[in-house]
Amino acid sequence: MKTVCLFLLLSLGAAIAVTQSDLVTSDSKGKLSYKKNDQGDRIMDYSSVGYRSGQDLPAPSVIPNKITVKPSGGDDTKSIQDAITKVSALPLDNNGFRGAVLLAPGTFNVDELKLSTSGVILRGSGLDATKGTTIKVKGSSTSVSVYGSKSPKFGKKYPLTKTYVPFGGNTLPLKSTSGLKVGDSIYIFTTVTAKFVHLLGMDKLVRHNAPQTWVAVGSIITTDRIITSINNGTITLDAGYPDSIRPELFDSDEDVPYVSTYVWEDRIENVGVENLRAIHPATKATNTDQFLTIGKAQNCWVRDLYLQDFGTGGERLAGCNSSNKTVVTTQGDAKWVTVQRLNIHYTYTDDTIAAPPQILSMLGTQILHRDTNITGGGKYWPMSSGSTRARGPTVHYNVNIVSGSGAKVVPHMRWSTGILYDNIVNPKGVVGITYRDTMGSGHGWTMGWGVIWNCEAAILSVQNPSNMFNGSAPVLYHNWLVGGRGKNDPGYKSKSLMGTYDHVGTTVAPQSLYVAQLKDKLKRSN
Ligand SMILES: *[C@@H]1O[C@H](CO)[C@@H](O)[C@H](O)[C@H]1NC(C)=O
Ligand SMILES: *[C@@H]1O[C@H](CO)[C@@H](O)[C@H](O)[C@H]1NC(C)=O
Ligand SMILES: *[C@@H]1O[C@H](CO)[C@@H](O)[C@H](O)[C@H]1NC(C)=O
Ligand SMILES: *[C@@H]1O[C@H](CO)[C@@H](O)[C@H](O)[C@H]1NC(C)=O
Ligand SMILES: *[C@@H]1O[C@H](CO)[C@@H](O)[C@H](O)[C@H]1NC(C)=O
């Protein structure tokens, strides 16, 4: 009976979910439950991503225009930057905003703009090619930067107990919580150990006869959270911890993770860039330029933008040099950022480049990227979240790509964790989470604890991080492929399927994991 219904629905072409996921199930009221594997790991909750931990962005009308800048016909960088400086000097209103700099309709010539004060919005007059606002960028490395200046100051260290913490939960057991309180902002510090690198075979990467460093042993990985409760030595975090913690992989007691409170004076927030078009010169041969980067910031946004020909070229020879090559980047110290309704377009194709651009590089944590269209271009990695060590929860939701087989929605390098790709449609290309071996000098395992949920692609390929040099080594980390449509492919350097799969080849309920989790959270908090 079930099979018959499924067949009928599919033959009608209806995008109706006919069967529930095995891993995340919803009751009739939308309350979700999660299936754990035998280690206790489960798919994490992504509902805390984005502006103000999952709130809608403020309507433009809430933030009044304070200065209007008109195009001059010449270089407009200084007049726009001066207006930003003036609005930055205004007081904050009750909503936490100083106001917006409005760019009038017309075409502006711009080099680099900097937003470095909380509460300031850079706003165009719309996306219409003739009646809206267009900024023609000169082709500098970053056209708009949203950047704070200060760094966090840390308090004393609170070590964890040496117990296994499965992936997907939001509690951590500490040796002592005395001195910590609910509402504290904390970083959790973990160390990359030799045993962990060895477990994944990442100490065996050799390229051109030279050993490659995947992630250096001793590197510190940080996760930015808030304590929401403290109970009998265990702290609860405002969002899931984005990895498992395995004491058997510590090299010594020095590697026991710890928590520190922080104070971050003037981490900028309530900064937005919205409602305009930005065009990069199509002909610049070594175009490694990005439109926008956000760092040392929280509760910021980028919305309603048309972005053309950013980050397309450069690096025609093998071997990467340092370049941004993205369209929008959130840096490792960004959190609660929403990137919404981008229309990213390429007017030409250049498949000769060695390292294609990563269109959206989402480092940091609790980043929400949604409702984007990407068209044109050739070989690229849209949503290459992240570059190195993005720490989820981070979501890419509802993205449509119209391009060729070179369009790959894949992580780029070196152990990002806790990223969700939800309802991404890339019909000619790839949506995957795979091994990259010695590519790019040892990208190796790109991601752990990633989820691909109801995505559509020519090829879906998901691999669990496992030791490619030692078939007997245990597989302790997972990447999940749930629902969706596309050829389920083993992925790079693998002859057999080696991910963790749930209903691949058919759409599952809930249609969107992120939306279902957000609804479930809102219901629980009401
Ligand atoms: C408190 O934590 C300790 C150590 O983890 C555990 O043995 C004990 O059962 C816990 N007590 C309660 C009430 O949860
Ligand atoms: C990057 O590499 C390319 C080709 O190897 C070279 O032409 C270009 O100048 C380099 N760019 C920088 C910023 O070093
Ligand atoms: C990359 O972006 C950062 C931050 O905006 C900038 O400082 C740097 O110069 C850029 N690097 C390159 C190679 O373009
Ligand atoms: C993306 O494309 C769809 C379908 O054409 C359209 O409805 C939507 O408005 C587009 N979104 C953006 C951000 O351009
Ligand atoms: C392969 O993995 C197994 C299981 O962890 C281990 O016992 C063995 O020593 C490993 N072999 C090598 C060559 O590292």
Side-chain angles (χ1 to χ4, degrees), residues 13 15 38-39 50-51 56-57 59-60 123-134 164 193-206 211 214 217 244 246-251 272-279 291-292 301-310 327-328 337-347 359-360 362 368-377 382-383 395-403 407 409 421-429 435 444-445 455-457 464-477 498 511-512 514-515:
D38 53 7
Q39 311 275 336
Y51 182 75
D56 287 344
L57 295 178
R123 178 180 288 160
S125 297
L127 296 165
D128 189 278
T130 48
K131 286 180 253 158
T133 299
T134 299
Y164 175 62
T193 64
K195 282 185 184 162
F196 166 70
V197 172
H198 180 70
L199 171 84
L200 295 180
M202 292 292 89
D203 51 353
K204 301 259 182 339
L205 298 173
V206 175
W214 175 59
V217 170
S244 57
R246 296 190 158 270
E248 81 272 23
L249 298 178
F250 301 162
D251 296 334
V273 176
E274 58 188 38
N275 211 26
L276 53 80
R277 299 157 49 81
I279 313 271
F291 173 66
L292 180 139
W301 72 81
V302 178
R303 66 174 159 189
D304 299 301
L305 302 176
Y306 170 81
L307 302 170
Q308 183 177 299
D309 289 335
F310 284 89
V327 181
V328 173
V337 174
T338 295
V339 176
Q340 193 167 3
R341 289 190 304 268
L342 305 188
N343 183 350
I344 296 172
H345 181 63
Y346 291 98
T347 58
I359 296 197
L360 292 133
M362 301 289 162
L368 171 62
H369 163 230
R370 59 176 297 175
D371 308 327
T372 285
N373 294 339
I374 305 171
T375 50
M383 294 171 291
V395 173
H396 297 277
Y397 164 63
N398 185 29
V399 177
N400 285 285
I401 299 166
V402 179
S403 187
V409 177
Y421 298 95
D422 187 346
N423 284 268
I424 311 297
V425 179
N426 183 20
K428 291 189 180 157
Y435 184 55
W445 281 108
C455 292
E456 185 186 332
N464 287 331
S466 49
N467 192 320
M468 295 293 213
F469 303 91
N470 181 355
S472 334
V475 178
L476 301 180
Y477 298 87
M498 49 182 264
Q511 173 72 41
S512 160
Y514 166 65
V515 171

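Computed from a prediction, not measured in an experiment: that's the story for all the values here. In each ligand, atom 1 is the first atom listed, and ligand 1 is the first ligand listed. Position 1 is the first residue of the sequence; numbering continues from there. Hydrogens, waters and symmetry mates are skipped; everything else that's a heavy atom, side chains included, is used.
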Heavy-atom pair of closest approach, residues H345 and G376: ND1-N, 4.4 Å
Ring geometry between W214 and F196 (parallel below 30°, tilted from 30 to 60°, perpendicular above 60°): tilted
How long is the gap from CD1 on I344 to CG on L307, to the nearest 0.5 Å? 5.5 Å
Only residue of V328, L360, V337, T338 satisfying side chain to side chain contact (heavy atoms under 4.5 Å, CB included) with H369 is L360
Within less than 4.0 angstrom of ligand 4, does D371 place any heavy atom? yes
Note down each nitrogen or oxygen pair, ligand 5 side and protein side, whose separation is under 3.5 Å; give only atom names and the distance to 0.1 Å.
unit_1   : atom_1 : unit_2 : atom_2 : d
ligand 5 : 2 (O)  : N470   : OD1    : 3.4
ligand 5 : 2 (O)  : N470   : ND2    : 2.3
ligand 5 : 11 (N) : N470   : ND2    : 2.8

Would you say T372 contacts ligand 4, with heavy atoms under 4.0 Å as the rule? no
Between CG of N398 and CD1 of I424, what distance do you get to the nearest 0.5 Å? 7.5 Å
Parallel, tilted or perpendicular: which fits the ring planes of W445 and Y435, with parallel below 30° and perpendicular above 60°? tilted
What atoms of ligand 4 come within less than 4.0 Å of a heavy atom belonging to N343? 14 (O)
Is D251 paired with K195 through a side-chain N to carboxylate O contact shorter than 4.0 Å? no
Classify the ring geometry of Y397 against Y514: parallel below 30°, tilted from 30° to 60°, perpendicular beyond 60°. tilted
At a non-hydrogen distance cut-off of under 4.0 Å, which region of N400 contacts ligand 4 (side chain, backbone, both, or neither)? neither
